[in-house]
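Report on the structure given below.
Lettering of chains follows the sequences in order, A, B, ..., and the numbering in each one begins at 1.
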2 protein chains.
Amino acid sequence: MTEQEKSTEETIFSAATDEFIDKGFDGARMQEIAKRAGINKALLHYYYRTKEKLFDAIFEKVFKTFMPGIFEVMQSDASMFYKIEVFVEGYLTLIYNNPHIPSFVIHELNRNPDRLPLVFGSIVNQVKDKAFDRFAESLKKEIEEGKIIPIEPEQLIVNIIALCIFPVVAKPIIQGVIFENDKARYKAFLDSRKKEIARFVINSIAVNRDQIS
Amino acid sequence: MTEQEKSTEETIFSAATDEFIDKGFDGARMQEIAKRAGINKALLHYYYRTKEKLFDAIFEKVFKTFMPGIFEVMQSDASMFYKIEVFVEGYLTLIYNNPHIPSFVIHELNRNPDRLPLVFGSIVNQVKDKAFDRFAESLKKEIEEGKIIPIEPEQLIVNIIALCIFPVVAKPIIQGVIFENDKARYKAFLDSRKKEIARFVINSIAVNRDQIS
DNA sequence: AAATAAATTAACCAAATGGTTAAAATAAAT
DNA sequence: ATTTATTTTAACCATTTGGTTAATTTATTT
């Protein structure tokens with residue numbers, strides 16, 4: 001009997017997560033969440049008082065799941081090239097397993113940027129101080145050692161993340177326009193990127209490409 | 001008296017454009033559009049029968065404005081490196097002047113991918129046939145000539161567009177997390193990218209970097 | 001100037017929506 | 001067993017929302 005059945009609260013939470021990610025805050029409906037969870041709508045308000053409160057809880061969880069974790073690699077003292085390879089691989093796995101989350105987060109944050117501070121204390125500072133700053137240090141060192149072409153750490157990290165996330169959030173356009181709605185080709189395209197992105201980035205910043213593994 | 005005052009229909013159209021881009025389809029309110037346009041709500045339905053119809057008209061216009069145009073460079077017979085430089089410069093200008101459009105298009109297309117076919121005939125095929133296929137040709141030739149490292153055209157074009165668009169759609173996160181909400185630093189960051197992106201891409205794919213202008 | 005057509009509005013409507021209430025069912029404590 | 005607390009529901013409610021109608025104002029024709 002290891003099969004611990006989910007509590008009502010958890011059931012609501014995951015049903016609401018699905019609904020919010022599918023439709024966004026504005027498009028999501030409390031009635032539909034209740035339906036997905038197989039419960040009465042009033043129960044939603046019993047556990048989470050308002051739609052906003054329910055959303056906030058979910059947004060924080062999603063954001064936490066998505067931001068850190070994979071940034072740990074950045075703190076190791078491995079070479080930048082290795083860090084980039086491992087980061088891209090791990091981050092793409094996370095994204096490909098949750099392909100609707102990036103556009104969800106992006107949309108909600110653009111719609112209401114005030115939601116970021118709510119999540120700030122918990123994660124953001126952690127990521128900034130531990131992950132990004134260490135990344136910047138490592139980068140600077142390898143630039144000074146003549147291994148990497150000069151580049152701002154902010155530019156490099158945004159480039160890497162852009163290359164990972166964009167192809168997923170722009171799926172309808174890429175699949176539709178470039179691959180003429182051929183799902184298999186789009187899937188193969190995403191798959192290739194697991195190696196392609198790191199190669200592309202490292203090729204760009206390596207001083208001596210011949211020395212690359 | 002060259003100052004042709006906008007027709008009611010145009011006034012509605014642009015008020016609605018603002019509202020939809022700000023709030024998305026689900027968050028937009030017909031009443032608010034009427035208010036922005038300074039007219040009675042019933043007039044909206046007089047000119048555009050439903051919210052959907054109004055949205056469709058706007059989405060198509062926005063999409064058209066954003067997709068082609070800048071892709072013309074791709075059709076010239078200049079060198080790939082030059083094409084990339086010109087494309088990035090022009091595309092960034094377009095994006096920076098309309099920073100909310102990319103996330104709007106991305107969100108609406110993810111929410112309802114069926115909207116792409118609606119716009120298909122007009123633009124998409126044009127872009128695909130004229131711009132992308134020509135781009136792929138040029139790329140292939142320069143790869144065969146040994147000027148450019150082998151790379152799939154789909155990967156390269158998506159990389160370039162990702163590097164242009166992502167920093168704008170992810171503004172809240174980048175400005176908040178990396179630049180600690182310092183607007184000036186974020187702005188400077190975006191500005192740097194006008195040269196940075198082309199440099200980054202060309203560095204990655206050039207066989208012999210020393211020959212780069 | 002009169003008649004006709006087009007544009008605009010105020011008032012209204014039905015459906016949907018987030019949220020509440022009071023009662024019923026279930027579980028926990030005594 | 002009985003009380004007490006917790007969980008769940010059915011029925012409501014006020015507000016908002018997209019949309020309509022019928023009348024009024026403005027522009028166009030004749």
Side-chain angles (χ1 to χ4, degrees), chain A residues 1-62 104 107-108 111-112 114-115 118, chain B residues 1-62 104 107-108 111-112 114-115 118:
Chain A
M1 219 178 287
T2 63
E3 206 169 313
Q4 183 103 359
E5 48 180 293
K6 273 198 287 187
S7 72
T8 304
E9 195 171 350
E10 288 167 328
T11 306
I12 291 174
F13 192 87
S14 68
T17 301
D18 292 345
E19 172 77 356
F20 279 128
I21 287 178
D22 281 1
K23 317 249 184 81
F25 179 83
D26 291 322
R29 295 291 168 253
M30 296 299 268
Q31 180 57 54
E32 180 64 22
I33 293 172
K35 194 174 154 193
R36 288 197 197 215
I39 51 133
N40 186 291
K41 189 176 63 131
L43 252 197
L44 295 180
H45 295 91
Y46 177 77
Y47 283 101
Y48 304 86
R49 286 215 302 278
T50 66
K51 187 183 180 186
E52 298 264 0
K53 293 249 181 19
L54 175 54
F55 180 86
D56 286 348
I58 285 163
F59 189 75
E60 182 168 352
K61 172 83 174 302
V62 166
F104 166 71
H107 175 252
E108 298 302 338
R111 177 79 216 279
N112 185 358
D114 294 338
R115 291 212 168 97
L118 298 178
Chain B
M1 217 177 288
T2 63
E3 206 170 310
Q4 185 103 357
E5 48 180 291
K6 271 199 286 187
S7 73
T8 304
E9 196 172 349
E10 287 168 329
T11 306
I12 291 174
F13 192 88
S14 69
T17 300
D18 293 345
E19 172 78 356
F20 279 128
I21 287 179
D22 281 0
K23 317 249 183 80
F25 179 83
D26 291 323
R29 296 290 168 254
M30 294 298 269
Q31 179 56 56
E32 180 64 22
I33 292 171
K35 194 174 154 193
R36 288 199 198 214
I39 51 134
N40 186 290
K41 189 177 61 131
L43 252 197
L44 296 181
H45 295 92
Y46 178 76
Y47 284 100
Y48 304 87
R49 286 214 303 277
T50 67
K51 188 184 181 187
E52 298 265 2
K53 292 249 180 23
L54 176 54
F55 180 85
D56 286 348
I58 285 163
F59 189 75
E60 182 168 353
K61 172 82 173 301
V62 166
F104 166 71
H107 175 253
E108 298 301 339
R111 178 78 216 277
N112 184 358
D114 294 338
R115 292 216 167 95
L118 297 178

*Find out whether A:His45 and A:Met30 are in side-chain contact, i.e. whether some heavy atom of one side chain is under 4.5 Å from a heavy atom of the other.*
yes
Given the options A:Phe104, A:Tyr48, A:Phe55, A:Phe13, A:Phe20 meets ring pair (Phe, Tyr, Trp, His ring centres under 6.0 Å) only with A:Phe55
Sorted by number, residues from residues 45-59 of chain B placing a heavy atom under 4.0 Å from DNA chain C are B:Tyr46, B:Tyr47
Between the NZ atom in B:Lys41 and the NZ atom in B:Lys35, the distance rounded to the nearest 0.5 Å is 14.0 Å
Within residues 10-21 of chain B, those residues having any heavy atom closer than 4.0 Å to DNA chain D are none
In short, salt bridge (Lys or Arg N to Asp or Glu O under 4.0 Å) pairs touching residues 15-24 of chain B with sequence neighbours left out are B:Glu19-B:Lys23, B:Glu19-B:Arg36, B:Asp22-B:Arg36
Contacted region of DNA chain D by chain B, from 5' end to 3' end of the hits, cut-off under 4.0 Å to heavy atoms, spans D:dT17 to D:dT21
Q) If we only count heavy atoms from C-beta on, is the B:Glu108 to B:Phe25 side-chain gap below 4.5 Å? A) yes
Residues in residues 22-43 of chain A with a heavy atom under 4.0 Å of DNA chain D, by number, are A:Ile39, A:Asn40, A:Ala42, A:Leu43
Subject >> Phosphate-side-chain proximity, B:Thr8 and C:dA7, N/O vs OP1/OP2 below 4.0 Å >> reply: no
When every non-hydrogen atom of A:Arg29 is compared with those of A:Asp26, the smallest separation belongs to NH1-O, 3.1 Å
Listed range with range, the stems formed with DNA chain D by at least 3 consecutive Watson-Crick or G-U pairs (under 3.5 Å) are C:1-30 with D:1-30
Are a donor atom and an acceptor atom from the side chains of A:Lys6 and A:Ser14 found within less than 3.5 Å of each other? yes
Can you find a heavy atom in the side chain of B:Ile33 that is under 4.5 Å from one in the side chain of B:Leu54? yes
Tell me whether B:Glu10 contacts the main-chain N or O of B:Ser7 through its side chain, where contact means a donor paired with an acceptor under 3.5 Å.
yes
To the nearest 0.5 Å, atom CZ of B:Phe59 lies from atom CD of B:Glu52 at 12.5 Å
| Flag side-chain contact, heavy atom, 4.5 Å: B:Thr11 against B:Ile39 | no
Worksheet item: Yes or no on side chain to side chain contact (heavy atoms under 4.5 Å, CB included) for B:Leu44 and B:Lys51, after CA distance, side-chain angles and deciding distance?
Response: CA-CA 9 Å; B:Leu44 296 181; B:Lys51 188 184 181 187; over 6 Å; no
